[in-house]
Amino acid sequence: MDMRAWNRAKLLWSYLRRSDSTNALPVEYIVETTAKCNLYCPMCPRETYKQPKEDMTDEVFQRLVAGAGASAEHMMLIGLGEPLLDHKIFDRVGHCARHGIHTLLSTNGTLLDEGAARRILESPLAHITLSFDGATKESFEYYRKGAKFEKVRDNFLRFARMKKERGRGPQVVVQMVRMEGNAAEVDDFVRFWSAAPGVDQVRIKEDETNLMRPDAGHGAADWKHPCHYLWRGAMYVKWNGDAYPCCQSYMLGGEPVGNVLESPLAAIFDSRSMKRMRRLHVAGRAGEIGICSRCCTTIPHPLLVAGSLLFPAGAVRRLLPAMERLIYLARLPGKWLTPPARQAPPKGETLVNIEPAGSGRPK
């Protein structure tokens, strides 16, 4: 058994036993290589927690990869910044690849010109998420202030087409976060992007922030199952090396559980704070943790968590959009997930298709 499979086995055993210690490391990491962004998005936590215009130093990034490299399977090089603003992003993708770690980027598309597209396709990047929050100009430009609907759409279409023409490249997922203002556009969104050459999957993701709906969060009855993030990850590492149990813990104002420049990853992942959180989750008392009580992330059924630890993270990442669509379209039992309350989609809204310019179809 290789090191990564053995690490997953230890995490699975710890999760099934409901142990507060793992004696292992996260499968996945969210690594904020830059805190810089060029858009204003009302649902983004960076508008609540103002971010410095800083990039992660080589020291922080290399210390993280050195500590996680033997067990880490996936690093999402994203955070509260736009990764294409990080001038070292392709060096970081290559560094991870040399350590056997798959990487993912998520981009707002404003900088995805032909040159950037070519560099991505020539890199060892495994996955890329193209974030496009709406099927209409009105909803997209409301949620992505500073971006132009037609420009970003055409950047994404060109990138996907270039990938298809090459016959190789990262898995391409086009993603929309479903919110009140775009919920009625889901069908149009899925229809359009599913037909785009080079797009591998279309993902409709639930809004996991509470900025647009401050009263959202888990009730006491939602904590039937402990949160998978505390055992599997992804652990969130800020540009300065501060480590958090998950992305939500930082975005809800939580405190770091360590810093990768000051402590080994194993000590951070099994720190006193992490053990306390695991014990409360196992006891069904996660609502006593401030950040958890306000979290909007869906809590998967233990069968899904176990499955995510039986298979390599790359395979799980490829299957995730399809699994989410099955669940949210009610084709799997509702008990498999315990989501927080969702807002009802708006009614009576006229949809406008997102056809490319010059298609001759109504827009």
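- When side chains are defined from C-beta on, T110 does not count as touching R144, because their heavy atoms never get closer than 4.5 Å.
- Rounding to the nearest 0.5 angstrom, the gap separating the CG atom in L85 from the NZ atom in K36 is 6.0 Å.
- A perpendicular orientation is assigned to the rings of W231 and Y15, their planes being inclined by more than 60° (bins at 30° and 60°).
- Between the side chains of E82 and T34, no donor-acceptor pair is found at a separation under 3.5 Å.
- Residues N155 and R158 have side chains that bring a donor and an acceptor to within less than 3.5 angstrom of each other.
- Here the side chains of I268 and M235 are in contact, with some heavy-atom distance below 4.5 Å.
- For the residue pair T129 / R203, no side-chain donor-acceptor distance below 3.5 Å is found, with atom types taken as modelled.
- Using modelled atom types, one finds a donor on one side chain and an acceptor on the other under 3.5 Å when comparing Q51 with K238.
- Under 3.5 Å, the side chains of N38 and N108 contain a donor-acceptor pair of N or O atoms.
- Between R232 and E28, at least one side-chain N (NZ, or NE/NH1/NH2) sits under 4.0 Å from a carboxylate O, which counts as a salt bridge.
- Judged by the 6.0 Å distance and 45° axis criteria, K88 is not positioned over the aromatic ring of F90.
- Counting non-hydrogen atoms of neighbouring residues, nucleotides and ligands closer than 6.0 angstrom, the CZ atom of R166 exceeds 12 such neighbours.
- A heavy-atom distance below 4.5 Å is not found between the side chains of D20 and R272.
- Taking the ring-ring contact (aromatic ring centres under 6.0 Å, His included) definition, one finds that F140 meets it with F132, F149, sequence neighbours left out.
- Residues passing the ring-ring contact (aromatic ring centres under 6.0 Å, His included) test with H102: none are found, sequence neighbours excluded.
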Note to self: Using the rule given for salt bridge (charged side-chain N to carboxylate O under 4.0 Å, His left out), can you reason through R153 versus E150, listing the C-alpha separation, both sets of side-chain angles and the distance that settles it, and then say yes or no?
What the structure shows: CA-CA 5 Å; R153 180 200 59 202; E150 294 86 357; 5.7 Å; no
Return a table of donor-acceptor pairs under 3.5 angstrom between the side chains of residues 62-78 and protein atoms on other chains or two or more places apart.
unit_1, atom_1, unit_2, atom_2, d
R63, NH1, L261, O, 3.4
S71, OG, A68, O, 3.4
E73, OE1, R8, NH1, 3.3
E73, OE1, A313, N, 2.7
E73, OE2, R8, NH1, 2.6

